[in-house]
Amino acid sequence: MRLRGKTAIITGASSGIGEAAARRFAREGANVILSGRRVNLLDGLAEDIRANGRLAEYIAGDVTNPEHFPALTELALATTGRLDIAFNNAGIMGEETPVEDMSAENWMSVISTNLTSAFYAAKSQIPALKSQSGGSLIFTSSFVGHAIGLPGMGAYAASKAGLIGLVQVLAVELGASGIRVNALLPGGTRTGMLASGAEAAIASLHALKRMADPEEIASAALFLASDESRFMTGSAMTVDGGNSITKS
Ligand SMILES: NC(=O)c1ccc[n+]([C@@H]2O[C@H](COP(=O)([O-])OP(=O)(O)OC[C@H]3O[C@@H](n4cnc5c(N)ncnc54)[C@H](OP(=O)(O)O)[C@@H]3O)[C@@H](O)[C@H]2O)c1
């Protein structure tokens with residue numbers, strides 16, 4: 001019960017890594033505030049979590065909408081009186097296109113979903129964390145744009161690298177307030193984000209020669225959310241099956 005009595009916001013909770021983290025955080029005692037656009041998936045997940053005795057509420061909304069994050073924070077405060085953790089995890093890959101052929105619409109869509117949303121998230125979450133003298137902010141970045149340049153992923157790589165810069169600044173701005181801020185960098189993970197049929201090629205990029213299950217990334221998010229990582233802030237934590245050190 002590493003998160004007993006804590007309240008966590010989790011974005012991208014309707015599937016994949018976010019869904020696995022919501023289930024895991026709740027099993028560890030957290031009450032969870034869920035975000036995504038697919039309302040039926042959020043509803044089913046919240047039902048499952050409530051059936052196991054934790055509070056679970058959700059707002060179906062778009063992370064590119066500046067009003068979505070204040071609404072999530074207000075829901076956390078209204079239902080549980082606190083906010084301790086935010087796993088800002090929602091993201092999209094966008095078009096796989098070389099930069100010279102990439103549409104400006106794709107660039108803007110990926111940057112606003114993956115990076116500008118993090119700015120909105122932090123702005124709304126920081127005052128709530130400050131008011132109770134601390135907490136943990138986690139942003140899902142990627143091995144793409146950190147250790148590896150993958151062709152066709154210019155917007156995605158830029159957005160995920162940008163998150164690491166934002167995390168470093170937030171960590172120094174908020175450290176004295178007891179707020180820790182870290183980036184989580186998963187390797188290839190079996191979720192709906194990756195095209196089916198690409199598994200063997202993606203697995204080969206990793207030293208472990210396999211992809212992760214979402215639960216393995218959720219375990220790392222739990223570590224960053226919990227007091228077990230209490231001396232970690234400003235980190236870009238790879239959980240990548242050795243992807244970043246593999247050249248063969
Ligand atoms: N899978 C990988 O190999 C991998 C590797 C490194 C990093 N990541 C990162 O991990 C995070 C989670 O991805 P995943 O692999 O778990 O894929 P996923 O199953 O496709 O999950 C993406 C989540 O983001 C939400 N989302 C996307 N756009 C949104 C928007 N505009 N507004 C609100 N929610 C939005 C989706 O919810 P709705 O569709 O319901 O809105 C969904 O819950 C992403 O940031 C991704 O970049 C993934």
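Since this is a predicted model, take the numbers as computed values, not measurements. Both counts, for ligands and for their atoms, begin at 1 and track the order of listing.
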Asks: Taking non-hydrogen atoms only, is S117 closer than 4.0 angstrom to ligand 1 via side chain, backbone, both or neither?
Replies: neither
Asks: Is a side-chain donor-acceptor pair under 3.5 Å present for T97 with D101?
Replies: no
Asks: For ligand 1, does V63 get within less than 4.0 Å through its side chain, its backbone, both, or neither, judged by non-hydrogen atoms?
Replies: both
Asks: Can you find a side-chain donor-acceptor pair between R180 and S229 that sits under 3.5 Å?
Replies: yes
Asks: Of the listed options (A21, G187, S112, G12), which comes nearest to atom 5 (C) of ligand 1 when hydrogens are ignored and any heavy atom counts?
Replies: G187
Asks: Is it true that atom CZ of R230 has more than 12 heavy atoms of other residues, nucleotides or ligands lying nearer than 6.0 Å?
Replies: no
Asks: Check this for me: does any side-chain nitrogen of one of R23 and E28 sit under 4.0 Å from a carboxylate oxygen of the other?
Replies: no
Asks: So, is S142 polar-close to ligand 1, with some N/O to N/O distance under 3.5 Å?
Replies: no
Asks: Counting only pairs under 3.5 Å, give me each side-chain donor-acceptor contact of residues 146-156, with atom names and distances, residues two or more places apart or in other chains.
Replies:
none

Asks: Does even one non-hydrogen atom of A212 get within less than 4.0 Å of ligand 1?
Replies: no
Asks: Answer yes if the side chains of E57 and N31 hold a donor-acceptor pair under 3.5 Å, and no otherwise.
Replies: no
Asks: What protein heavy atom is closest to atom 19 (O) of ligand 1, reported as residue, atom name and distance in Å?
Replies: S15 OG, 2.8 Å
Asks: Please compare G61, S35, G145 and report which has the shortest non-hydrogen distance to atom 33 (C) of ligand 1.
Replies: G61
Asks: Side chain or backbone of N89 under 4.0 Å from ligand 1, or both, or neither, by non-hydrogen atoms?
Replies: both
